[in-house]
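So the structure is just underneath, and the comments pick up after that.
Just so it is clear: chains get the letters A, B, ... in the order the sequence lines come, proteins before strands, and each one is counted from 1.
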Amino acid sequence: MIRLLGILIGLGFVAVAGWSLAWGVGAYVTEEHEESVEHRFHKEPRDIAYSFDGPLGKYDHRQLQRGFQVYKEVCASCHGLSYVAFRNLHDLGYGEEEVKAIADRWQVPVPSVDPKTGEASTRKALPADYFPNPYPSEVAARAANGNALPPDLSLITKARHGGPAYVASLLTGYSNPPAELPADSRPGQGLYYNPIFPNLNIAMPPPLREGQVSYADGTNPTVPQMAEDVSAFLAWTAEPKLENRRAAGWATLFFLIFATILAYLAYQNVWHGGASRRVRQTGPLDPENMAKNDEAKSDAGIAG
Amino acid sequence: MSFPWAEEYRPKSGFTRWIDQRLPLPRLVYGAVGGGYPVPRNLNYFWNFGVLAGLALTIQIVTGIILAMHYVPYDQAAFRSVEHIMRDVNQGWLLRYLHANGAAFFFIVTYIHIFRGLYYGSYKAPRELVWMLGLVILLLMMATAFMGYVLPWGQMSFWASKVITGLFGAIPLVGEPIQQWLLGGYAPDQPTLNRFFSLHYLLPFVIAGVIILHIWALHIPGSSNPTGVVVKGPQDTVPFHPYYTAKDGFGAGVFLILLAAVVFFAPNYLGHTDNYIPANPLSTPSHIVPEWYFWPFYAILRAFTVDFILPAKLWGVIAMFGSIILLFFLPWLDPSPVRSGNYRPRFRQFFWILILDILVLGWCGGLPAEEPYVMISQVATMYYFAHFLIILPILSWTERTLPLPASISESVLHGEEAEAAPADLSGVRPAAAE
């Protein structure tokens, strides 16, 4: 009875899904398929080799410091880094005094309260402070950027497909729109053509130009170099515990593999070892075991 | 327990005897997972996955309780508190990555556990209630995982909660009030986040309770086995401890190695990039997708695109819930007396088609709702319902099954008959089970 009912209900579901399928096939056959403009002109991020790639990779602290310099001198005027504190810069190899100095000289002061009047005021940043936002509010940020909102960069490499390579490719991906780009997809007022960006047109003007920063370690500040450095820095801001994680990972894996080998040997020993054969020889129905059971039952005060 | 050949608990010391006479807890443990639970000796590695699911739940509860000490269920602070855990809490990154990937692994082992039950007919009499309680656990797991995914209050959290609660809005007449009741408002907001946190903390303990019932119901008939033949006597079984505790120890090691490999070296592989963007009710992500373990069901939901008496959306919701509800009736849809797929050649073919079908559904569910993926998911949806509601009932009438072994020991001892003369079991090695 349930089977008959089941078959009827099953036929019902198959029929309704098939009805949707028939319409879908009909539409698919009759309608024309146009490749979307975004799909046609979009470019994938280029392959970039980072020092922190792969299970053994580590951050290159000199590169992170260069990337921080690019962030500080270029990106920070529009983009916040609100989940990172100045004290975290110790991880990049800066000393106590250097971090204090960086916080002290930061362009944007930290919101505070005037201790005398109690009115809202600002003060210089301390190492314990998080990077202050360049704009006091989202409204102010949009007003200053033609209604576009510069995203916070703390997590940007984890929040975009392609990670740091996407960020670096985007920074170097600006070009003139190709001639065959349809008119309605051309960059409008305040937009710039960048085929790495999913929409093709991005509100951020090309931020990097040759020699924009002068690196303390003498590295040549080309645009691709700066883009790679700042994307590596942003990989660190998004995943500051990467090196701890991998070190702990290797230790854990070695331990687990060792423990699992022991567990396997124990398993084999239980199933094939000498001790188990003795258990198998008798078995619970063995008269000797039955007697032991009866004894156990009477010990525990259970009848039967 | 209820087996005549089960070993009786025997206190080893005066202290355990004293305890046992007042609170027979040692007796309960001994009978449930100790030497007093006789288990078929021919179980293969697929029988490890129940214990692995229990291990996964334990990891979730332990990491979850510690995460809850640092997490703030407040819409303005939730995302930041998760980043605080990742950056400033001692080993917080490990706790969070373990919890997020642990959920995925919980589903992996549970799905394998379910597929094992489907293939070996573990849902059949006398284990119908074991199967149905297991499905209750699956539904609770889905609710828990969904609400947990909302808690970080990222973009996918927010929009997934909107889409999933929107499913209830498709119910005629009462749908919208139900949706508002679930959300605590017209859209996901602070009340949603707060109640989801509360329920996300509660449900795992409900799951643990239903697991106790699941195991209790299992211990009445005892575990099934790859032949599906009932246990005939003590020669067919080995005690759970040490035989299967040792085997489960090895299985748990392999499970933890795989979990650690993902947690430490690819912790974001199974996640979605958009959930690292804080929730923004004014910006809809281009593709809203749930976590991967919901993709097959999401594909079924989206396969119904055309109104047919009822609105298409309602059909999708009915089919999605129906795809799990129908499994409750499986013991009666497939009453073939042969349990194991090993002795059902036709069933076995359809079983592998079903596995492929569910993988295709999962693949479609993770992709945007565009052609040709919608058409593919429609074909796969038709097969899913046809498999359980049409093919299995007909098979159970018409299929010619293969001859079953007379007993578990016979199936285990192929080629070793001489050694296994009934009068002398001394040469029998359980190793032949593998």
Evaluation steps, side chain to side chain contact (heavy atoms under 4.5 Å, CB included), between A:W23 and B:F308: CA-CA 11 Å; A:W23 279 85; B:F308 181 83; over 6 Å; no

Residues B:Y276, A:I156; criterion side chain to side chain contact (heavy atoms under 4.5 Å, CB included); working and verdict: CA-CA 8 Å; B:Y276 280 111; A:I156 203 78; over 6 Å; no

Side chain to side chain contact (heavy atoms under 4.5 Å, CB included) between B:I390 and A:L11, intermediate numbers included: CA-CA 7 Å; B:I390 302 174; A:L11 287 172; 3.6 Å; yes

Residues A:K241, B:D88; criterion salt bridge (Lys or Arg N to Asp or Glu O under 4.0 Å); working and verdict: CA-CA 10 Å; A:K241 304 290 186 189; B:D88 293 330; over 6 Å; no

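A donor-acceptor contact shorter than 3.5 Å links the side chain of A:S20 to the backbone of B:T305. Between the side chain of A:T260 and the backbone N or O of B:F250, no donor-acceptor pair lies under 3.5 Å. B:R80 places a side-chain N or O within donor-acceptor distance of the main-chain N or O of A:S82, the cut-off being under 3.5 Å.
If you take CG on B:L258 and CG on A:L253, they are separated by 9.5 Å, rounding to the nearest 0.5 Å. Between the OG1 atom of A:T252 and the CZ atom of B:F264 there is a distance of 3.5 Å, given to the nearest 0.5 Å. Between atom CD1 of residue B:I277 and atom CZ of residue A:R160 there is a gap of 4.5 Å, rounded to the nearest 0.5 Å.
Heavy-atom distances place the backbone of B:Y9, and not its side chain, under 4.5 Å from chain A. Only the side chain of A:Y28 comes within less than 4.5 Å of a heavy atom of chain B; its backbone N, CA, C and O stay farther away. Heavy atoms of A:L8 lying under 4.5 Å from chain B are absent altogether. Both the backbone and the side chain of A:P55 have a heavy atom closer than 4.5 Å to some heavy atom of chain B. For chain A, the nearby parts of B:W332 are the backbone and the side chain; heavy atoms of each come within less than 4.5 Å. In this structure, no portion of A:D152 lies under 4.5 Å from any heavy atom of chain B.
Aromatic ring centres of B:Y244 and A:Y267 lie farther apart than the 6.0 Å criterion allows.
The aromatic rings of B:W315 and A:F13 sit perpendicular, their planes meeting at an angle over 60°, well past the 30° parallel limit.
With B:W397 as the aromatic partner, A:R3 meets the cation-pi criteria of under 6.0 angstrom to the ring centre and within 45 degrees of the ring axis.
Annotation: maximal heavy-atom pairing with chain A below 4.5 Å, among B:Q21, B:E371, B:M382, B:R87, occurs at B:R87.
Inter-residue side-chain proximity for B:L256 and A:F255 is flagged as unmet; no heavy-atom pair is nearer than 4.5 Å. A heavy-atom distance below 4.5 Å is not found between the side chains of A:L5 and B:F329.
Between A:A17 and B:F304, the shortest heavy-atom distance links the atoms N-CE2, 3.6 Å.
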